[in-house]
Amino acid sequence: MRWIRAAGRGLLALMVVLTGYAASGVQSGEDSGRGPLTLATAGDLTGYLGPLLEGWNREHPDERVTLVELPDSADETHAQMTTDLRDGRGRFDLLNIDVNWTSEFAAAGWIRPLPRDRFPLDSFLRPVVDTATYDGRLYAVPYVTNAGLLLYRKDVLAEEGVPPPRTWAELEHLAETVAPKHGLDGYAGQFLPYEGLTVNAAEAVYSAGGSILGGEGETVTVDSAAAREGIGFLARGVREGWIPERALAFKEEESKQAFQDGRLLFLRNWPYAYVVTSAQGSPVAGKVGAVPLPGPDGPGTSVLGGSNLAVSTHARHPDSAARLIAYLTSEPVQRQVLTRGALPPVRAALYEDPDLIRQFPYLPTLRQSVLTAAPRPKSPRYDQVSLVVQAVVRDAMTGHATPEAAVRRLARELADVSGR
Ligand code: GLC
């Protein structure tokens, strides 16, 4: 009889293992797969996320989330996340990943596919959902979107009686003539070699009508007159001095600070910079305007920014991770992402809310910029693609390569990366 009892115990153990295994999927209706979580994110520049997560923690004491804030440079955050995911220790359960990392993380098997019907994807702005899919499957849920805007000094342009620029020629002219008259530098973006430079370079190329890679990264399309024109715009700025040399060391925060300290006429940045520089106590409060990024003959094209929430393959409590994602993308929380975090929400309806538009007058411009924004090249080797773009564009901006040579080198090195 003893062996029957032992076999029974064995069967029970097997069943526990199997149920435990099933519960590790991200399915609804399970009450196992729940427990505490860690959420890793890039630097929270407006400091809103910790307090926001306290709301979840109060209501879900058994599924408490601990925030792990990584550096504010996208590249350093990428390095820390991938190191953690690669060594399989899995310190992070939920990852707030840059929109352009989804393919790489999914292809590497670091994040899990998610069931579409568990998340309100139909309520999101259209282009953001695409950034969360890979190979036809959903691997993350859009959380924050982003589009570049041109911030300008309203007071200075009003004094000169000129409207904000719509074309590169107008921007260059004002940056070269009006800025120095008012003791200001002309134009800056994020020009340090890191993801921000890739974004600024891609925007210049896209605005001129060019592209970098085609399809899912399998073709290289950068060798064009448009790419030369885009990179030429940035290189000319430094050479002619309307982009100050110090901007070659700017990330988002440094460039925002230069504008906030009243040292810049024009700044390309994400909308959070508009909110922070316009806030009470900022030296330029009340003097900040925002328009779409200019291009060669009219409004240009922004790169689609933002981040998606993904569940690590090693997540200890995947069901709780999915429940937290649903919470963070719910309407009331998305509203707080905007009102407290100054970050662009992914829920479309919020962009048409009259109260929010009163509070954040740039919302209609931002909505338009997000809807027309172009994604960065999709590639499972996106990190390599970005490093190539940064290095080559850096050389063009420091005068070590002509825009022609830069584009030729880009075409060659990108072909090497994608193995063509
Ligand atoms: C912002 C954007 C992100 C981008 C990064 C570049 O965080 O949301 O998509 O990659 O800036 O610095």
Side-chain angles (χ1 to χ4, degrees), residues 40-49 69-82 95-105 124-125 127-132 140-151 188-206 212 234 247-257 267-276 293 301-310 328 334 337-338 341-346 362 366 369-370 373-379 382-390 393-394:
T41 184
D44 174 10
L45 302 183
T46 45
Y48 80 103
L49 192 53
E69 205 181 320
L70 301 173
D72 47 73
S73 149
D75 295 44
E76 286 169 44
T77 294
H78 179 270
Q80 292 204 20
M81 283 189 183
T82 54
L95 303 147
N96 187 22
I97 62 175
D98 212 315
V99 281
N100 45 297
W101 302 343
T102 310
S103 304
E104 179 197 358
F105 283 37
F124 294 171
L125 288 170
V128 303
V129 179
D130 191 46
T131 68
V141 181
Y143 169 56
V144 163
T145 186
N146 238 342
L149 298 174
L150 182 74
L151 308 192
Q190 295 69 49
F191 300 143
L192 181 81
Y194 78 113
E195 185 59 24
L197 181 56
T198 304
V199 166
N200 281 256
E203 285 175 343
V205 170
Y206 295 167
I212 296 175
L234 295 174
L248 295 173
F250 284 174
K251 301 195 294 300
E252 279 81 4
E253 278 292 90
E254 293 85 0
S255 64
K256 185 222 74 191
Q257 203 55 49
L267 168 67
R268 179 263 172 235
N269 209 329
W270 310 103
Y272 92 95
Y274 176 92
V275 178
V276 174
L293 297 176
T301 305
S302 167
V303 149
L304 187 61
S307 63
N308 297 332
L309 294 166
L328 290 172
Q334 282 285 302
V337 163
L338 174 64
L343 295 172
V346 288
Y362 63 87
L366 174 60
S369 300
V370 169
R376 272 160 274 186
K378 240 190 182 184
S379 165
Y382 180 79
D383 58 329
Q384 298 298 312
V385 170
S386 180
L387 288 175
V388 166
V389 173
Q390 296 164 29
V393 174
R394 170 77 173 187

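In each ligand, atom 1 is the first atom listed, and ligand 1 is the first ligand listed. This structure is a prediction, so every number in the text was calculated from the model and none was measured.
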List the atom pairs, donor and acceptor, that lie under 3.5 Å between side-chain atoms in residues 142-149 and the rest of the protein, sequence neighbours left out.
| unit_1 | atom_1 | unit_2 | atom_2 | d |
| --- | --- | --- | --- | --- |
| Y143 | OH | Y48 | OH | 2.7 |

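When side chains are defined from C-beta on, Y382 does not count as touching D98, because their heavy atoms never get closer than 4.5 Å. In this structure the side chain of L49 never reaches within 4.5 angstrom of the side chain of E69, judged on heavy atoms. In this structure, W101 and L95 have side chains that are not in contact, with every pair of non-hydrogen atoms separated by 4.5 Å or more.
Ligand 1 lies out of reach of Q190, whose nearest heavy atom is not under 4.0 Å from it. Heavy atoms of K251 stay at 4.0 angstrom or farther from ligand 1.
Taking CD of Q190 as the start and CG of L248 as the end, the distance is 12.5 Å to the nearest 0.5 Å.
Remark: ligand 1 atoms within the under-4.0 Å shell around heavy atoms of E195 are 6 (C), 10 (O). Within the listing of ligand 1, atoms 3 (C), 4 (C), 9 (O), 10 (O) sit less than 4.0 angstrom from a heavy atom of R376. For ligand 1, the atoms lying closer than 4.0 Å to a non-hydrogen atom of G305 are 8 (O), 9 (O).
Atom 12 (O) of ligand 1 has as its closest protein heavy atom E252 OE2, 2.6 Å. Counting only heavy atoms of the protein, atom 8 (O) of ligand 1 lies nearest to G306 N, 2.8 Å.
Residue W270 places at least one N or O, backbone or side chain, under 3.5 Å from an N or O of ligand 1.
H78 and E195 form no side-chain donor-acceptor contact under 3.5 Å, judged by distance and modelled atom types alone.
Residue nearest to atom 10 (O) of ligand 1, selected from N100, D98, D75: D98 (by heavy-atom distance).
Side-chain N or O atoms of E76 include none that pairs as donor or acceptor with a backbone N or O of L70 at under 3.5 Å.
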